[in-house]
Amino acid sequence: MTADIVSDYLTSPLPRRRSVAVDVGGVLVGGDAPVVVQSMTNTDTADIDATVAQVAALHRAGSELVRITVDRDESAAAVPHIRDRLARLNIDVPLIGDFHYIGHKLLADHPACAEALAKYRINPGNVGFREKKDVQFGSIVETAIRYNKPVRIGVNWGSLDQELLTRLMDENQANGFPLTAQQVMREAIVQSALISAQMAEEIGLGRDRIILSAKVSQVQDLISVYAELAKRSNHSLHLGLTEAGMGSKGIVASSAAMGILLQQGIGDTIRISLTPEPGGDRTREVQVAQELLQTMGFRQFVPVVAACPGCGRTTSTVFQELAHKIQEDIRRNMPIWREQYPGVEELQVAVMGCIVNGPGESKHANIGISLPGTGETPAAPVFVDGKKVATLRGPRIAEEFEQMLATYIENRYGMPKVQPEQVPA
Ligand code: SF4
């Protein structure tokens, strides 16, 4: 490896791994498509009202695919109604059915569910046991072929195929333990996904109908397993750290693992599996997924607000409150802005706490404000496209800056107004 290649590897993402694109209800996953953000509901799918509301919220937050649990007859029966209710709300988001243990039966007994879903998720570790395993797996794959739907073969180490793991452990022992137990477990996860994919293809499901995932809960295991899957196949890959946990722990662990894989060009769709705080907002997982892709420079979803951390030079809470409020306003308005202001997701805003880095950072943003720090004149210069355009003073600095931001967005990203004389007679 030459020094140039080493430096490129360290400073730029590697080219995206070539995978076979899969069409999931009109959303392409893999191939040349951008990395897709997806999420999962935590409502009882049989509760149609609650599930429709949560799918709608996840989609409005930016989820491009939404997975729902299909665990029993009542859930399967609810699926077509959920799809129809969403359509009436003009929410066109592909729904993915998450099946465990009895997916073959639910799909066979509820053809309207099989038709309404855009993709089926199968877990090879619990699709069936012993002699029933292959038959039930085959039945789901045949349903997918009949309805022209893709599947995700989603291995999870918590429900790993125990027969496969035992066989690989025995082989490792017979060979004098060349691999550690952890290495055997990683190999079993990879093999479970690849063997199942091969079986599905032998039954007749095209590779352009198969997405693979292999979720584990430890960062190093995840990186290792996906690096191996990426090397041994060209299937489209769904990335996710399972049981990532709550709050900052879940966010950091998911971002660390997936950030490294994405930097290596691995991954076609991501889900951040955060445990919500009690009463917390389920859409947080969508926000984190978007922020991961956006901060790494792979996609643009929402305007970026650069804010300094604040320090002993920050005079008051005005600075934190303004940065927080602008960030929240942007998130809240994005579903409308996306339609009204094409390109607004590229906007960069800076909210800075004092003169040290404030003017410099603000000049780099499209619009930025440098609030006065301790001992500074109580004035806040505002910069637009690198030039100082105003100095705000007094108790209404925050409101005035918000108004300037709104005007900037309207002028820069608003659709040109049709002049009366341009309207055809
Ligand atoms: S810009 Fe000023 S207030 Fe913000 S962290 Fe730097 S020195 Fe502190």
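On a predicted model such as this, the values are computed, not experimentally measured, just so you know. When a ligand or atom number is given, it counts from 1 through the structure's own listing order.
Residue Cys354 does not count as close to atom 4 (Fe) of ligand 1, with no N, O or S atom under 2.8 Å. Put simply, Cys311 gets within reach of atom 8 (Fe) of ligand 1, with an N, O or S atom under 2.8 Å from it.
Annotation: atom 3 (S) of ligand 1 to nearest protein heavy atom, Thr314 OG1, 3.5 Å. Nearest protein neighbour of atom 4 (Fe) of ligand 1, counting heavy atoms only, is Cys308 SG, 2.3 Å. Among protein heavy atoms, the minimum distance from atom 6 (Fe) of ligand 1 is reached at Asn357 ND2, 3.6 Å.
A salt bridge between Arg332 and Asp329 is present, with a side-chain N of the basic residue lying under 4.0 Å from a carboxylate O of the acidic one. The pair Asp44-Arg72 meets the salt-bridge criterion, since a charged nitrogen lies less than 4.0 angstrom from a carboxylate oxygen. Here Arg232 pairs with Glu187 in a salt bridge; the nearest charged N to carboxylate O distance falls below 4.0 Å. Taking a cutoff of 4.0 Å between a charged side-chain nitrogen and a carboxylate oxygen, Glu346 and Arg299 do not qualify as a salt bridge. Arg83 has a carboxylate O that lies under 4.0 Å from a charged side-chain N of Glu115, or vice versa, which qualifies the two as a salt bridge.
Less than 4.0 angstrom separates some heavy atom of Val356 from each of these atoms of ligand 1: 7 (S). Shown in contact with Arg313 at under 4.0 Å from a heavy atom are these atoms of ligand 1, numbered in order with element: 7 (S).
Residue Gly373 places every heavy atom at 4.0 Å or more from ligand 1.
Of the N and O atoms on the side chains of Thr283 and Asp281, at least one donor lies less than 3.5 Å from an acceptor on the other residue.
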